[in-house]
Amino acid sequence: MGLLSKKDTKLITDPLADNNPITIQVLGICSALAITAELKASIVMAISVLFVLGIGNVVISLLRNIIPSKIRIIVQLVVVAALVIIVDQVLKAFAYELSKTLSVFVGLIITNCIIMGRFEAFALGNGPWRSFLDGIGNAAGYGVILVIVGFFRELLGSGTLLGFPVLGNPIPGEQTGLYAFGYENNGFMLLSPMALIVIGIIIWIQRSRNKDLIED
Amino acid sequence: MEKRTDKNSYTILFAVVMVVVVGALLAFTASSLKPTITENQRVEKQQNILYAMGINDNDESSAIFISTKKAPEAFKNNITDQLVITIDTNGKIIKTQTRDEYFAETKQEPYLIDVKKQQTNAKQGEPRKLPLFVGQKDGKTLYVAPIYGKGLWNSIWGYVAVDKDMVVQGAYFDHLGETPGLGANIKQRFFMDDFYGEHLLSEAGVFKGITVAKGNADPKNNDKTDNAVDAIAGATITGDGVTAMIKSDLKLYKPYFDTLKNN
C-alpha cells in the first residue's frame with residue numbers, strides 16, 4: 001500500500017461513501033442548500049473547505065493535549081475563525097480576483113458544522129497525520145455531494161454548466177438546441193428547496209444500493 | 001486525580017494566552033497587508049468606472065475588466081474630469097467643482113469619495129457630495145455616476161454611464177454577498193448589458209429611473225424607452241435593490257444634467 005496503511009486509506013475513502021458527512025451524518029446541509037445553484041460556486045466552496053478542514057484538523061490535533069476541555073469548543077472556533085481570516089486577507093492582497101469570487105463563502109466556511117464536527121469528533125483524539133487525512137476525506141466527501149447537486153441544479157435550472165450554455169439558447173424567438181423542441185428551464189431548481197430534494201434523491205439512491213445504511 | 005488541563009487557573013491562562021497570540025497574529029496580518037489591499041481596491045474602482053464606460057476586455061459572454069496593469073493609465077487617458085457636485089438636502093446644487101478644485105481643497109481624488117458615507121451625511125441633513133466622472137469614448141462624452149444600495153443579504157453598488165440626455169451607455173453592478181446563481185448574477189453580462197440604451201427619463205423629460213421588472217413583456221429588451229429591464233428569476237429582492245439605488249442615487253444628478261441642456 002506504500003504511503004498509506006489500510007486504516008489510513010479508510011479515513012479518506014469512508015467519508016466519500018458509506019460515512020459521507022452530508023448524506024449519512026447530515027452535516028453541512030446549510031451551505032449545501034445555499035451555494036449549489038451554480039457548479040462553479042460548488043467547486044470553489046469544496047476547495048475552500050478542503051483547505052480549512054485539512055489545516056484546522058492538524059492544528060487542533062497538535063493542540064489536543066493542552067486544550068482545556070471546558071473551553072474546547074471556543075478554542076476550536078477561534079482556530080477556524082483565525083485561519084479563515086488569515087486566508088481571506090492573504091487572498092485579498094495577492095489574489096484579489098479570486099477573493100472576490102470567494103466573497104460569501106469565506107464567512108460560510110466558519111459556520112460549516114462539518115468543520116467543528118470533525119475537530120470535536122476526530123482531531124481532539126488523534127494524531128496530526130491521521131487528523132489531516134480525516135479532514136481531507138470528509139471535505140472531499142462533502143465536496144463530491146456539493147458538486148453533484150450543483151451540476152444538476154445549474155444544468156436543469158439555468159441550462160448552463162460553469163456558465164457555458166450546454167442546452168442551447170433559451171431566448172424566445174431564437175431558440176436553438178433543446179429549447180427549439182419546447183424544453184424550458186426549471187426555475188424551481190434554482191431555489192433552495194430543490195437542493196434538499198436533490199440531496200434526498202442522492203440519499204435514497206445510496207441507501208437502496210447499500211442496505212446496511214438504512215436505520216430502523 | 002484531576003487532570004492538569006481541567007483546573008480553572010489553567011483554563012483561564014490558556015484562554016488569555018490564546019487571545020493574545022491569535023489577536024497579535026491577526027493584527028499583524030491585517031496591518032501588514034493593508035496597503036496592498038487598499039491599492040487593489042483603488043485599482044478596482046478605476047476598473048469599475050472604465051467598465052461602465054465600455055472600456056473593458058469583454059469577450060462574447062463574460063464581463064472582463066481591463067487588466068490591473070493597464071487600468072491606471074487608461075483611467076488617466078479616458079477620464080477627462082472628475083466633477084464633484086455638492087447638493088443640499090432638497091437636491092439643489094450648491095456648487096460644482098472640477099477634479100483639480102476638489103483636490104486642492106481636500107487632497108483626495110473624487111473617485112475615492114465614499115458614496116455610502118455621503119448617503120449617511122445626507123440623511124443627517126448635511127450637504128451631499130456627488131462624484132461624476134466625465135470621459136470620452138469614441139468621440140462621445142460620457143458621464144459615469146456611482147450608485148450604492150442594499151440587496152438581499154448585503155450591500156450592492158454599481159457605476160452607470162449615461163450621455164447628456166441621461167440615456168444609459170453602460171453599467172456595472174457588484175455586490176458583497178448576494179446568493180450565487182441568483183442575486184449574484186447582477187454582475188453578469190446578460191443582466192448588465194440590458195441596461196445599454198435604456199432611458200432614465202420619460203419622454204416628457206421627467207426622471208423615472210429603470211425598473212428591474214418581472215414579466216415586463218419585453219424579455220429581449222427591444223423597447224428602450226419603457227424604463228424597465230427584465231428581472232432575474234429567483235432574485236426579486238436583489239433586483240428591487242438595483243431599481244431602488246438607480247432611482248434614489250441617479251435622480252440626484254438630474255439637476256446637473258438640466259444645467260448641461262440649458263448651456
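In what follows, chains carry the letters A, B, and so on, assigned in the order in which the sequence lines appear, proteins first and then strands, with residues in each chain numbered from 1.
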Q: Against chain A, work out which of B/Leu182, B/Asn40, B/Leu25 has the most heavy-atom pairs shorter than 4.5 Å and name it.
A: B/Asn40
Q) Which is it for A/Val79 and B/Met18 under the side-chain contact (heavy atoms from CB on, under 4.5 Å) test, yes or no, and what are the steps along the way? A) CA-CA 9 Å; A/Val79 167; B/Met18 178 182 73; 5.9 Å; no
Q. What residue, out of A/Ala93, A/Ser158, A/Pro165, A/Ala37, has the most heavy-atom pairs lying under 4.5 Å from chain B?
A. A/Ala93
Q: With a 4.5 angstrom heavy-atom cut-off, could you sort out which part of A/Ala41 is near chain B: side chain, backbone, both or neither?
A: side chain
Q) Taking side chain as C-beta onward, heavy atoms only, is A/Gln89 less than 4.5 Å from B/Ile37? A) yes
Q: Determine the minimum heavy-atom distance between A/Ala82 and B/Val22, stating which atoms define it.
A: CB-CG1, 3.7 Å
Q: Taking the side chain as every heavy atom from C-beta outward, state whether A/Tyr96 and B/Val43 have any pair of such atoms under 4.5 Å apart.
A: no
Q) Which region of B/Asp174, side chain (C-beta onward) or backbone (N, CA, C, O), has a non-hydrogen atom less than 4.5 Å from a non-hydrogen atom of chain A, or is it both or neither? A) side chain
**Q.** Side chain proximity check, A/Glu38 to B/Asn185, heavy atoms < 4.5 angstrom
**A.** yes
Q) Between B/Tyr10 and A/Ile66, is any pair of side-chain heavy atoms under 4.5 Å apart? A) yes
Q. Between B/Thr179 and chain A, which part of the residue has a heavy atom less than 4.5 Å away: side chain, backbone, both or neither?
A. side chain
Q. Any idea which heavy atoms bring B/Lys7 and A/Lys70 closest together, and the distance?
A. C-NZ, 4.4 Å
Q | Part of A/Leu190 lying under 4.5 Å from any heavy atom of chain B | A | both
Q.
As an exercise: rank A/Val78, A/Ile74, A/Asn65 by heavy-atom pairs under 4.5 Å with chain B and give me the winner.
A. A/Val78
Q: Check each atom of B/Glu39 against the heavy atoms of chain A and say whether the ones under 4.5 Å are side chain, backbone, both or neither.
A: neither
(Q) Does A/Phe51 have more than 12 heavy atoms from other residues, nucleotides or ligands lying within 6.0 Å of its CZ? (A) no
Q: Find the one option among A/Val90, A/Val75, A/Thr36, A/Asn185 whose heavy-atom pairs under 4.5 Å with chain B are most numerous.
A: A/Val75
